[in-house]
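First up is the structure itself, then whatever we jot down about it.
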Amino acid sequence: MLQGKNIVLGVTGGIAVYKSVEIVSRLRKAGAQVKVIMTEAAAKFVTPLTFREISQNPVSVSMWTEVANWNVEHIALAGWADLFLIAPATANFIGKVANGIADDMLTTTVMATRAKVIIAPAMNTNMFENPIVQENIKKLIRLGYVIIPPATGKLACGTEGSGRLPEPIDIVTVLTSLQRRQLQSLRGKKVVVTAGGTQEPIDPVRYVGNNSSGKMGYAVAKIAKSRGAEVVLVSGPTYLPDPPGVKVIRVKTALQMRDAVLNEYSDADIVVKAAAVADYRPQQTAEQKIKKSDSNLTIVLEKNPDILLELGQKKTKQFLVGFAAETQELLANAKEKLLKKNLDMIIANDVTIAGAGFNADTNIIKMILTDGTVIELPQLSKEEVAEEIFNRIESLLPVRS
Ligand code: CTP
């Protein structure tokens, strides 16, 4: 769960600082990258050098030391973090964060981050039970901070009671389960995805088709599944294996795709139409293989239904996402489709750019929302693109319902 995650560990001044060294070690063993920020008081208990060695990363203590690069350090760390853990957290630190005080490297970075902040208080029992500390903790919980309650037992000051920093393994377990819960953010939602190109038959061995590989739609289905959704993938012919745990409906033509999607539509919460649907199909499909002759062959194409347009017209509660593969006027064309098809979001990509679109493993997209917002993403793997799409959908879902 923590593999590849960026974790900032804030360490404040208490005797439990020595346990934080083991937290770093456990987080690294779980596959996370860890960067440590210490307060000046914490650095009096254990040296920054210890944390530097164990984390294999520079340790920040002061806002005012000579900079190694010109990134504003607290903003860079705040943005880098996927998770922000403070262990041990003193009463002083908790009081400052709860009251908007940012007067050192750690509190400034906490204030600037959008990552989940997890705080593990550790202090003397009387301090912990002090009503001011309790009020501050309640306020932090109300504001969305996660508090890991202290353990009970013999404290460094000789007394018995609540206030001990929980064991490092227990703290790491909290982070792991938080991460798991976050990944289940689409539990209870039904997501319908279309992928691949359609094939419109000319005769029993030939068809009108396109270059779509299906990779983008399959990545979308896989990420939706990993976030706990019930996923139905309506796929045109591809060479890709079924994503595990996903109901896959294989179709060939646009008409078959339309039937399959409409069947799954009424109870869907989110629909992502990544398929490259053929806009036209041969008016006649020859029963037998067409034999060559000396003259030219004319195939009359007739219009296929626009599935997405129909979904937009029949929309009730569904969050509808379309794709716009363009070779010119990317934004203008995509915005027009967003409006015309009554979508909630459109993913625009310029398929003439290397690393974007058909058959590539990466994509370079712009997400366009109904209020005109355009979010440009750099070149990412198709799975990373899918993560970004769902991050955005999830932030918009509550606003719509
Ligand atoms: N789409 C669809 N049914 C069609 C054609 C397209 O559902 N018959 C959907 C695609 O799955 C995609 C979106 O519409 O999500 C845009 O597809 P695109 O081919 O880029 O646009 P079109 O509307 O077909 O317009 P054009 O081909 O003229 O650019």
Side-chain angles (χ1 to χ4, degrees), residues 191-201 207-221 224 231-238 249-265 268 270-283 301-315 318-353 356-360 363-370 374 382 385-386 388-390 392-393:
V191 178
V192 176
V193 185
T194 67
T198 61
Q199 293 181 355
E200 311 297 326
Y207 57 83
V208 176
N210 60 60
N211 285 335
S212 171
S213 63
K215 286 177 185 168
M216 189 64 241
Y218 276 61
V220 170
V231 185
V232 180
L233 173 63
V234 180
S235 173
T238 73
I249 304 172
R250 296 225 175 234
V251 297
K252 276 200 168 147
T253 65
L255 290 176
Q256 290 167 355
M257 183 171 278
R258 173 180 174 270
D259 287 348
V261 173
L262 286 178
N263 248 334
E264 300 288 342
Y265 191 51
I270 299 167
V271 178
V272 183
K273 280 220 81 243
V277 185
D279 288 326
Y280 297 91
R281 64 176 181 274
Q283 201 170 41
L301 298 176
E302 73 178 334
K303 194 112 201 288
N304 263 331
D306 187 323
I307 307 169
L308 192 51
L309 183 77
E310 196 171 338
L311 297 182
Q313 286 161 352
K314 294 188 169 147
K315 187 160 88 173
Q318 297 84 353
F319 191 100
L320 206 49
V321 183
F323 274 71
E326 305 290 345
T327 54
Q328 56 183 351
E329 301 284 348
L330 180 67
L331 278 182
N333 283 335
K335 279 182 180 170
E336 194 186 315
K337 285 174 192 173
L338 175 81
L339 274 181
K340 184 174 153 206
K341 301 192 187 193
N342 191 23
L343 310 179
D344 297 287
M345 183 197 289
I346 193 153
I347 314 296
N349 64 329
D350 182 341
V351 285
T352 61
I353 299 177
F358 287 155
N359 237 319
N363 212 346
I364 305 167
I365 62 149
K366 294 180 177 31
M367 294 191 261
I368 306 167
L369 311 178
T370 47
V374 179
K382 287 188 169 171
V385 169
E388 292 289 340
I389 292 172
F390 282 113
R392 188 56 59 165
I393 294 175

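What you see is a predicted model; the values in this text were computed from it and never measured. Order of listing sets the numbers, starting from 1, for every ligand and every atom in it.
A salt bridge does not link Asp350 with Lys366: every distance from a Lys NZ or Arg NE/NH1/NH2 to an Asp or Glu carboxylate oxygen is 4.0 Å or more. A salt bridge does not link Asp279 with Lys303: none of the charged nitrogens is closer than 4.0 Å to a carboxylate oxygen.
Residue pairs meeting the salt bridge (Lys or Arg N to Asp or Glu O under 4.0 Å) criterion with at least one member in residues 328-340, sequence neighbours excluded: Glu326-Lys337.
The side chain to side chain donor-acceptor pair (under 3.5 Å) test applied to Thr327 returns no partner, not counting sequence neighbours. Remark: Ala276 engages Asn210, Ser212, Phe358 in a side-chain contact (heavy atoms from CB on, under 4.5 Å) (not counting sequence neighbours).
Between Thr198 and Tyr207, the side chains place no donor N or O within less than 3.5 Å of an acceptor N or O (distance only, hydrogens not considered).
Protein residues lining ligand 1, listed by chain and number: Lys273, Ala275, Val277, Asp279, Pro305, Asp306, Ile307, Leu308, Gly322, Phe323, Ala324, Ala325, Lys337, Lys341 [non-hydrogen atoms, distance under 4.0 Å].
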